[in-house]
> 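One structure, as structure tokens, below. Some questions next.
Predicted model only: the values in this text are computed from it and were never measured. As a basis for the values below, the full set of heavy atoms in this structure was taken, side chains included, without hydrogen atoms, waters or symmetry mates.
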Amino acid sequence: MKVNIPMLTTSQLDPSDTYYTGACNRGNTSEGQQQKQPSSCYCPQEAAEQCGDGIDLASCSYLNINETDVTSRLASQALFPLKCLKLPYEYKTFPLFQYNSTYNPGVIDISQPSPTGTSFSDYRSQCQFNLASDVSPYDLVKKCRDVFGVRMENVISSCALDLYMSYDFSWIKAGVQSIKVQCQLQLERNSSWWEGNPPTLPQDYTDVLCLANCGGAGKCSKGVCLCQANYGGSDCFVNVILLTNASGTYDIDGSLKRSNATFLTVNELSCPIPESGTYQVQISNNKNVFSSSAYLFVYDSLCFECNVKNQTCIQKKTACLIDGVCYENREYNPSSAWQYCDPSVNTSSWQTANDSCQGLELLWLEHEGHLSGGELPGAGDKEACKRRCLNMFRDGTGQCYSIDFNSTSSSCSYHTLDERITADNLIRDNQVSNLEWICENNPCGRKNLTWIRRPGFAIITTGGRQIMGIRSSVECRKLCLQEKSFLCRSAQLLWAASLCVLSPKTSLIAGQDFVRWPGYIFEEWICDTDNEPLLPVANPLASIKQAPNAGADDYTLMCEFEIAPINSSLQANIMWLINDMVVDESTVWTIVLWDKAV
């Protein structure tokens with residue numbers, strides 16, 4: 001019989017694609033083709049062929065309770081394939097594993113007894129009894145051992161080697177699973193074994209082809225476990241009643257702590273670790289019988305240098321440990337923009353900053369004239385007045401946003417109005433100047449800016465720029481805030497590669513491009529305000545252009561900027577500065593276009 005089925009290029013895997021390194025979109029097919037399953041045909045000897053998309057797919061053996069499709073779950077847990085990005089540097093922290101057909105693990109000497117005193121031949125006898133004898137405790141083994149193509153000798157030899165190297169008899173179950181896979185594969189290939197019309201696999205075989213013999217809590221029917229009441233999972237090993245009570249224990253300095261675990265799969269639980277330290281972890285379904293212990297040593301390498309073997313740590317002098325939390329050098333207190341870490345002064349307390357700009361440059365915009373009113377008049381030179389204004393803002397004694405300085409009398413007054421100075425509220429006076437402070441390029445204005453950190457995540461298509469030679473999250477954040485070619489919304493640091501990546505996207509905007517990526521530290525900023533600030537997508541661009549409706553030699557200054565698409569116009573106050581002196585001001589309304597506002 002001749003069957004002609006068009007082959008999709010996406011069904012042909014690149015030789016470099018493996019389960020370990022993932023597969024990349026080569027860009028040679030449309031989105032619709034990438035999602036289409038390849039067509040296959042089943043061609044029995046005495047019946048019409050059956051063709052269709054995905055007909056070759058089989059049910060996944062490892063399903064959660066009441067789960068029918070593992071795709072979304074596995075996708076959420078999967079890591080992004082590093083090789084798909086074609087990174088412009090040598091990245092060795094997580095090397096790309098590739099299968100090596102010439103790899104030789106060396107010869108294992110089985111002539112000597114194992115450390116437990118058991119000989120290799122004794123282990124082999126145990127495997128022979130459980131996997132190939134007439135009295136095997138596994139019905140699957142007794143049914144499949146004589147199926148043509150099942151390599152029993154390889155199964156027994158592999159089982160004996162596993163026991164010899166691990167001294168763990170649970171590896172016998174791996175041999176049972178190997179027989180199951182081989183048996184099912186041979187039965188599906190050899191249609192002469194099939195029964196019925198249309199012919200299918202014989203039920204006396206499929207009734208034993210179940211995972212782990214259904215755990216003794218279910219019946220195998222056509223390869224699927226039919227679990228007893230209160231049991232579930234692909235192998236009926238999960239007690240549904242006890243599932244919600246799964247717990248983990250942590251032995252910390254001799255004290256026992258318990259915490260509810262999160263059920264992931266029939267093979268996985270997620271146990272939250274309360275804090276850094278040394279742990280002896282056990283799990284239990286009924287809080288009475290516990291598993292064997294697993295040992296876990298958790299510490300923050302920013303603040304500590306630890307020896308895992310003897311479980312001792314020494315605090316570093318290059319970072320701050322404040323209230324049990326590690327902070328980088330020059331990192332600001334998340335609760336106060338006036339406090340920062342300086343380990344050269346003190347590694348356990350905050351230092352007071354001169355301003356609240358968090359590393360950005362402090363600017364004083366100077367206007368000719370003064371505001372009406374004013375509070376707390378004082379005397380002193382201009383710099384002393386500036387310092388007192390900032391101290392008032394820091395200490396909460398008065399929210400000082402600007403000062404009026406009289407150069408003739410060397411006196412100043414302070415203003416608490418939280419608004420940008422404009423020509424409408426300024427009284428012209430050539431003896432008085434108003435000085436308004438701002439943090440250059442701070443998207444939150446005078447409001448506090450907070451960074452949200454997500455270690456182990458990154459945006460794969462940032463649309464921003466990459467900066468090499470950066471190994472500090474603090475420096476990467478600062479570069480994000482200083483960026484002027486676009487509005488930087490997030491920064492991600494790959495410390496091992498000394499790479500800082502700036503992006504105009506937040507994790508929410510990135511959507512599916514926001515992926516798990518070990519080694520990266522992803523951070524995005526938010527403003528401590530009720531409403532998201534409306535900001536240009538890039539810094540305004542000033543230029544000199546010919547004045548409209550004027551002569552050929554008449555030129556004017558022009559300011560251009562673009563904001564994100566919105567449904568209404570906005571008022572923008574524009575100031576023209578020369579050496580931080582405001583020389584002109586204007587008010588404009590943005591124009592709404594089809595896809596942007598300018």
Side-chain angles (χ1 to χ4, degrees), residues 1-8 10-13 19 35-71 74 130-134 136-156 158 173-228 232-236 266:
M1 182 185 302
K2 189 174 184 180
V3 181
N4 183 18
I5 299 178
M7 177 67 72
L8 288 174
T10 50
S11 66
Q12 301 175 6
L13 286 179
Y19 283 114
Q35 300 298 326
K36 184 176 176 61
Q37 297 174 348
S39 294
S40 303
C41 280
Y42 156 60
C43 306
Q45 290 182 342
E46 300 178 356
E49 68 275 10
Q50 303 173 19
C51 301
D53 295 341
I55 200 173
D56 59 323
L57 299 181
S59 298
C60 179
S61 299
Y62 296 96
L63 294 173
N64 288 339
I65 296 174
N66 299 325
E67 186 178 36
T68 58
D69 189 345
V70 299
T71 305
L74 295 182
N130 285 276
L131 302 178
S133 70
D134 295 335
S136 169
Y138 301 99
D139 292 337
L140 182 148
V141 167
K142 289 184 284 188
K143 193 68 178 177
C144 289
R145 62 179 178 173
D146 296 326
V147 172
F148 179 78
V150 176
R151 302 178 179 179
M152 291 301 300
E153 178 58 32
N154 290 350
V155 172
I156 295 172
S158 178
K173 295 180 181 179
V176 177
Q177 182 67 10
S178 175
I179 295 174
K180 171 185 177 294
V181 172
Q182 293 186 65
C183 181
Q184 186 169 359
L185 181 63
Q186 296 301 327
L187 291 173
E188 290 176 348
R189 284 181 174 178
N190 190 349
S191 59
S192 62
W193 290 75
W194 295 11
E195 301 172 346
N197 187 19
T200 58
L201 292 176
Q203 187 170 348
D204 57 336
Y205 280 93
T206 59
D207 283 351
V208 296
L209 294 176
C210 281
L211 185 64
N213 201 28
C214 297
K219 179 181 179 182
C220 184
S221 177
K222 298 183 179 180
V224 178
C225 286
L226 303 179
C227 302
Q228 299 174 3
S234 301
D235 54 7
C236 298
V266 294

> Would you check if C220 and D139 make a side-chain contact, meaning some heavy-atom pair closer than 4.5 Å?
no
> Treating N197 as the side-chain partner and P199 as the backbone partner, does any N or O pair qualify as donor plus acceptor under 3.5 Å?
no
> Side chains of C183 and L140: does their closest heavy-atom pair fall under 4.5 Å?
no
> As an exercise, state the distance from CD1 of I156 to CG of N130, rounded to the nearest 0.5 Å.
10.5 Å
> Between atom CD1 of I179 and atom OG of S136, what is the distance when rounded to the nearest 0.5 Å?
7.5 Å
> Considering only heavy atoms from C-beta outward, does the side chain of K143 approach that of D204 to under 4.5 Å?
yes
> Between CZ of R189 and CD of Q184, what distance do you get to the nearest 0.5 Å?
12.0 Å
> Which pair of non-hydrogen atoms, one from E188 and one from W194, has the smallest distance, and what is that distance?
O-CZ2, 3.2 Å
> When rounded to the nearest 0.5 angstrom, what is the spacing between CG in L131 and OG in S158?
10.0 Å
> Give the intermediate values and the outcome of disulfide (SG to SG under 2.5 Å) for residues C227 and C236.
CA-CA 5 Å; C227 302; C236 298; 2.0 Å; yes
> For a quick test of reading the model, state the closest non-hydrogen atom pair linking E195 to Q203 and the distance between them.
OE1-N, 4.4 Å
> Pick one: which of L209, V208, L185 meets side-chain contact (heavy atoms from CB on, under 4.5 Å) with K180?
L209
> Atom CD in Q182, atom CE in M152: separation rounded to 0.5 Å?
8.5 Å
> Mind listing the closest non-hydrogen atom pair of V147 and Q186 along with its distance?
CG1-CB, 4.1 Å
> Between R145 and V155, is a side-chain contact (heavy atoms from CB on, under 4.5 Å) present by the stated rule, with each step listed?
CA-CA 10 Å; R145 62 179 178 173; V155 172; over 6 Å; no
